[in-house]
**Q** 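So that we are looking at the same thing, I have put the structure below in structure tokens.
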Amino acid sequence: MGIEEKTTINRRAFLTGAAATGALAAASAMFGCAPAAQPSEADAAGTGAAPSIGTVDGYSSVIDWLGSKPEISDDEIVETVDTEVLVLGGGNAGIQCALAAAEGGAKVDVVEKTSEENRKVKGEDIGHCNSKFLIDQGYGPFDVGEIVEEFCIRCGGRVRPEIVRKYVANLGEAVDHMMDLVQWPDDRIKLAVTTIDPDISPCDPSQVICQVPGIALEGFTDWPMKRGGYRSWPGTAMFMGTIRHDVDKENGNGVGAFSRLDEVQQFSILRGQELGATWHFEESATVLVQDENGKVTGAITKGPDGYVKYNASKAVVLATGDYCQNADMLWGLQDELVEWAMRAGKTKEDLVGMSPNMGEGIKMACWAGGYMEASPRATNQNGSGANGPWGVCPMLWINSKGDRFMNEASVQQNFPEILRQPKGLIAAITDSNWAESVKNGAPDHGSPNFGRPEYFTELQEDMAKVELENPEGTECRTMCIAERTHKIVYGSKTLEGLLGILGYEGEALKNALATIDHYNELCHAGVDSDFGKDSECMIPIKNGPFYASTAENQRWLGVGLGTMGGLETDDAMNVVDRDGNPIEGLYAIGRCLGGTFGFSNPNPWAGKNIGSAVTLGRVCGKLLTGQEIS
């Protein structure tokens, strides 16, 4: 991904990346997203003069990521379906939108491209607040306006505050409603995980766990917690099954517990079907249908037997996900990541991430006159630095030159800060008091998982087994949210020995030792006069043995788990045209929806991605059927 965990000792060869340049001009004022004139081959490669217009109207990119709108004639249609609300996509957002619309009395049809047997929602954590689930555990209620303000701050103002408000204000109801539908256990739910591990028991309420820093903050009530200038709240519901204490490297290096979120979501599907919602599997959304005034009146999909036309009298809702696997869209829309990748000599295929989605819904909206939110477009790639097995926590970080370079408690900033460091090693340095730094991490994305106290116990066991002076390091089980990959920890009786194992030598070694000395002085003074790290996190590095975990900064990143930037909409999630006017009948939710993530994936709690999909999907279904929302 560009910032990688290191498991070998070959850290002295720091390569240099080639710079790439290219100027891009503003697009002309044409309607919709129709492709504009093609630039020359030299211009497209970034080596010639700047083109006068972008390849796709309204965007600076010189790659045609959009293509031409499909033209499907009436004689190619094998079936016509009349409905009121058509939901394209059956993931976390689509499920909840369809359910809410059906509860509001609408005739609902859902189109899902996978088969019924293979349909499965992604993820395991729902970040939220003010649910009965949380309040019953003593967390909340919290002030909605304060949380909305924090999201807007973390996003640098590049969001629609009212959509963020709808997300925060309706989170509790959405999660409680989803949970209330679950019957523990229920024979109607086929456990998808049984094909992987038949010994896993049916999901039960005890396996839905709140991720809070309980070990660190026993009795703590002064929420929000503030670390690195950002505020965080306890609010992550983890839908995790039986804990796997051993890591299975043959299965993707192992997981801590299989996600049970899909089992929970199946109850919402069933309830929607009981209310009349019809699901259509193995059909791919292809193109929207519009009348002479531009109103979206339906969509055409492609199924096993040919094209199906859906007439939707109320709305078409785009819930088809991101464009994580579409290399052309990534290269055409992810300006910041593309520029870093070009300088590192990478190609567009190097950017693709983990999600399987191809951006169909976003392209359909653009053909209908909609637009993506303007660059920079967020991805679910914050970077993580040298987080080791303990998760993102405020230990001392140094670069390949031995310099400290940031406030390590500012999780929000580690992605851009690390990319700006010299290519090569990033090291987290700590000592025998390592656990105090772990306990002072905020409950952000990638934080230590104190919702599963077993993870902390296992980490303590593994850290006690770290072999000192071993240049290969020792594998330790991680304690981050659900992931249980092994991370390498290096240990030594002395700081000089530790830094030598990591590959520091000469001037870099001398500088690293001076950096640690200066850091310790700041810790003893109780004030980080360099970068302003919270005094609670200023823990000196003085008592051996000394430990480190590392990452390699390659000065570029892929998109990670997925893209987060979506379509421009109004406050009701109605897709808008280039002038900000709603395109009647067209709505976006989930990762098709813009205005919610800003630069990257800001998290006052872990699980915002799925939390916003579930909540705003439900809010959209309610709005389309005249139901009340907060």
**Q** For Cys324, which residues count as a side chain to side chain contact (heavy atoms under 4.5 Å, CB included) partner, sequence neighbours excluded?
**A** Asp322, Ser355, Val559

**Q** Checking the side chain of Asn380 only, and the main-chain atoms of Gly562 only, is there a donor and an acceptor separated by less than 3.5 Å?
**A**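 Such a contact is absent between Asn380 side chain and Gly562 backbone.
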
**Q** Nearest 0.5 angstrom please: Leu513 CG to Leu509 CG, how far?
**A** 5.0 Å

**Q** Between the main-chain N or O of His486 and the side-chain N or O of Thr478, is there a donor-acceptor pair closer than 3.5 Å?
**A** no

**Q** Hey, what do you get for CD (Glu472) to OH (Tyr490), rounding to the nearest 0.5 Å?
**A** 7.5 Å

**Q** Closest approach of Gly402 and Tyr504, non-hydrogen atoms and distance?
**A** N-CE2, 3.8 Å

**Q** Taking the side chain as C-beta and beyond, is there a heavy-atom pair between Leu337 and Thr379 under 4.5 Å?
**A** yes

**Q** Is there a side-chain contact between Cys152 and Val159 in this structure, where contact means two heavy atoms from C-beta onward sitting under 4.5 Å apart?
**A** yes

**Q** Tell me which one of Thr569, Thr596, Asp571 satisfies side-chain hydrogen bond (donor to acceptor under 3.5 Å, both in side chains) with Arg160.
**A** Asp571

**Q** Check side chain to side chain contact (heavy atoms under 4.5 Å, CB included) between Ser630 and all other residues, then give those that pass, not counting sequence neighbours.
**A** Ala169, Asn170

**Q** Would you give the length of the straight line joining atom CG of Leu333 to atom OG1 of Thr563, rounded to the nearest 0.5 angstrom?
**A** 9.0 Å

**Q** Kindly indicate, with the supporting measurements, whether the criterion side chain to side chain contact (heavy atoms under 4.5 Å, CB included) is fulfilled by Val352 and Leu330.
**A** CA-CA 7 Å; Val352 298; Leu330 293 173; 3.8 Å; yes

**Q** Between Tyr519 and Lys533, do the side chains contain a donor N or O and an acceptor N or O under 3.5 Å apart?
**A**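 Side-chain D/A pair, Lys533 to Tyr519: present.
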
**Q** Quick one, Asp125 and Ile610 - any side-chain contact, counting heavy atoms below 4.5 Å?
**A** no

**Q** Under the criterion side chain to side chain contact (heavy atoms under 4.5 Å, CB included), I'd like the reasoning laid out for Trp340 against Gln554: C-alpha separation, chi angles, the key distance, then a yes or no.
**A** CA-CA 10 Å; Trp340 283 110; Gln554 300 182 27; over 6 Å; no

**Q** Start with the C-alpha distance between Ser60 and Asp335, add both sets of side-chain angles, then the distance that settles side chain to side chain contact (heavy atoms under 4.5 Å, CB included), and finish with yes or no.
**A** CA-CA 9 Å; Ser60 61; Asp335 295 350; 3.9 Å; yes

**Q** Answer yes when Glu339 and Arg343 have at least one side-chain N-carboxylate O distance shorter than 4.0 Å, and no when they do not.
**A** yes

**Q** Would a distance-only check, ignoring hydrogens and angles, find a side-chain to backbone donor-acceptor pair under 3.5 Å from Arg477 to Leu459?
**A**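 Checked: no pair found.
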
**Q** With sequence neighbours excluded, what pairs up with Asp530 under the salt bridge (charged side-chain N to carboxylate O under 4.0 Å, His left out) test?
**A**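 Asp530: no salt bridge (charged side-chain N to carboxylate O under 4.0 Å, His left out) contacts found.
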
**Q** Sequence neighbours left out, what passes ring pair (Phe, Tyr, Trp, His ring centres under 6.0 Å) with Tyr167? Give chain and number order.
**A**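 Scan of Tyr167 (ring pair (Phe, Tyr, Trp, His ring centres under 6.0 Å), adjacent residues dropped) gives Phe151.
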
**Q** Which residues satisfy the salt bridge (charged side-chain N to carboxylate O under 4.0 Å, His left out) test with Glu467, sequence neighbours excluded?
**A** none

**Q** Could you list the residues that satisfy salt bridge (charged side-chain N to carboxylate O under 4.0 Å, His left out) with Lys348, not counting sequence neighbours?
**A** Asp328

**Q** About how many Å separate CZ of Phe531 and CG of Leu522, when rounded to the nearest 0.5 Å?
**A**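 Result: 9.5 Å between the selected atoms.
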
**Q** Does some side-chain heavy atom of Asn553 sit less than 4.5 Å from a side-chain heavy atom of Lys423?
**A**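 SC-SC contact between Lys423 and Asn553 ruled out.
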
**Q** Any side-chain donor-acceptor pair under 3.5 Å between Asp528 and Asn407?
**A**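 No, no side-chain donor-acceptor pair sits under 3.5 Å.
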
**Q** Considering non-hydrogen atoms only, spot the tightest contact between Ser61 and Trp331 and give its length.
**A**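 Scanning both residues, the minimum pair turns out to be OG-O, 4.3 Å.
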
**Q** Short question: side chain of Ser232, backbone of Ala442 - any donor-acceptor pair under 3.5 Å?
**A**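 Judged by distance alone, no pair lies under 3.5 Å.
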
**Q** Which residues satisfy the side chain to side chain contact (heavy atoms under 4.5 Å, CB included) test with Asn130, sequence neighbours excluded?
**A**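 Counting only residues at least two positions away or on another chain, Asn130 forms a side chain to side chain contact (heavy atoms under 4.5 Å, CB included) with Pro141, Phe142, Val144.
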
**Q** Could you measure the distance from the CD atom of Glu349 to the CD atom of Gln325? Nearest 0.5 Å is fine.
**A**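 That separation rounds to 11.0 Å.
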
**Q** Any idea which heavy atoms bring Trp556 and Lys346 closest together, and the distance?
**A** NE1-CE, 3.3 Å

**Q** Taking side chain to side chain contact (heavy atoms under 4.5 Å, CB included) as the definition, give me every residue that meets it alongside Ser437, ordered by chain and number, with sequence neighbours left out.
**A** Met395, Ile539

**Q** Taking the six-membered ring for Trp, is the centroid-to-centroid distance between Trp65 and Tyr59 below 6.0 Å?
**A**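 Yes.
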
**Q** Could you tell me whether the side chains of Arg404 and Asn399 share a donor-acceptor contact shorter than 3.5 Å?
**A** no

**Q** Restricting to salt bridge (charged side-chain N to carboxylate O under 4.0 Å, His left out), what partner residues turn up for Glu150, sequence neighbours left out?
**A** Arg154, Arg231

**Q** Treating Thr615 as the side-chain partner and Ser612 as the backbone partner, does any N or O pair qualify as donor plus acceptor under 3.5 Å?
**A** no

**Q** Test your reading of the model: is there a side-chain donor-acceptor pair from Asp350 to the backbone of Thr347, 3.5 Å cut-off?
**A** yes

**Q** With side chain to side chain contact (heavy atoms under 4.5 Å, CB included) as the test, would you mind laying out the steps for Lys439 and Phe456 before giving the verdict?
**A** CA-CA 10 Å; Lys439 293 176 182 180; Phe456 186 68; 3.9 Å; yes

**Q** Trp397 vs Phe405 aromatic rings, parallel, tilted or perpendicular, using cut-offs 30° and 60°?
**A** tilted

**Q** Answer yes or no: is there a side-chain heavy-atom contact under 4.5 Å between Pro389 and Val489?
**A**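 Result yes, sub-4.5 Å side-chain heavy-atom pair found.
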
**Q** Does the distance from a Lys or Arg side-chain N to an Asp or Glu carboxylate O, for Arg377 and Glu373, drop under 4.0 Å?
**A**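 Between Glu373 and Arg377 there is no salt bridge, as every charged N stays at least 4.0 Å from the carboxylate O atoms.
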
**Q** Measure the shortest side-chain to side-chain distance between Glu408 and Cys537 over non-hydrogen atoms and say whether it is less than 4.5 angstrom.
**A**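 Result no, sub-4.5 Å side-chain heavy-atom pair not found.
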
**Q** Within the distance-only criterion (no hydrogens, no angle test), does the side chain of Thr474 pair as donor or acceptor with the backbone N or O of Val466 below 3.5 angstrom?
**A**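 The answer is no, because no donor-acceptor pair under 3.5 Å joins these two groups.
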
**Q** With distance as the sole test, does His128 use its side chain to make a donor-acceptor pair with the main-chain N or O of Ile126 at under 3.5 Å?
**A** yes

**Q** Just distance, no hydrogens or angles: give the donor-acceptor pairs under 3.5 Å from side chains in residues 492-502, sequence neighbours left out.
**A**
{"from": "Ser492", "atom 1": "OG", "to": "Glu469", "atom 2": "OE1", "distance (Å)": "2.9"}
{"from": "Ser492", "atom 1": "OG", "to": "Glu469", "atom 2": "OE2", "distance (Å)": "3.2"}
{"from": "Ser492", "atom 1": "OG", "to": "Thr494", "atom 2": "N", "distance (Å)": "3.3"}
{"from": "Ser492", "atom 1": "OG", "to": "Thr494", "atom 2": "O", "distance (Å)": "3.1"}
{"from": "Ser492", "atom 1": "OG", "to": "Leu498", "atom 2": "N", "distance (Å)": "3.4"}
{"from": "Thr494", "atom 1": "OG1", "to": "Gly497", "atom 2": "N", "distance (Å)": "2.9"}

**Q** Residues two or more places apart in sequence or in another chain: which of them pass side chain to side chain donor-acceptor pair (under 3.5 Å) with Asp143?
**A**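 None.
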
**Q** Side chains of Pro234 and Trp223: does their closest heavy-atom pair fall under 4.5 Å?
**A** yes

**Q** Rounded to the nearest 0.5 Å, how far apart are CD1 of Ile398 and CD1 of Ile516?
**A** 5.5 Å

**Q** Under the salt bridge (Lys or Arg N to Asp or Glu O under 4.0 Å) definition, can you give me all pairs with a residue in residues 534-548, not counting sequence neighbours?
**A**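 Every pair satisfying salt bridge (Lys or Arg N to Asp or Glu O under 4.0 Å) with a residue in residues 534-548: Arg227-Glu536.
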
**Q** Has the side chain of Ser432 got a donor or acceptor atom that lies under 3.5 Å from a matching backbone atom of Asn543?
**A**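 Judged by distance alone, yes, a pair lies under 3.5 Å.
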
**Q** Kindly confirm or rule out a cation-pi arrangement of Lys608 over Phe597, judged by NZ or CZ under 6.0 Å from the six-membered ring centre and within 45° of its axis?
**A**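 Yes, Lys608 sits over the ring of Phe597.
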
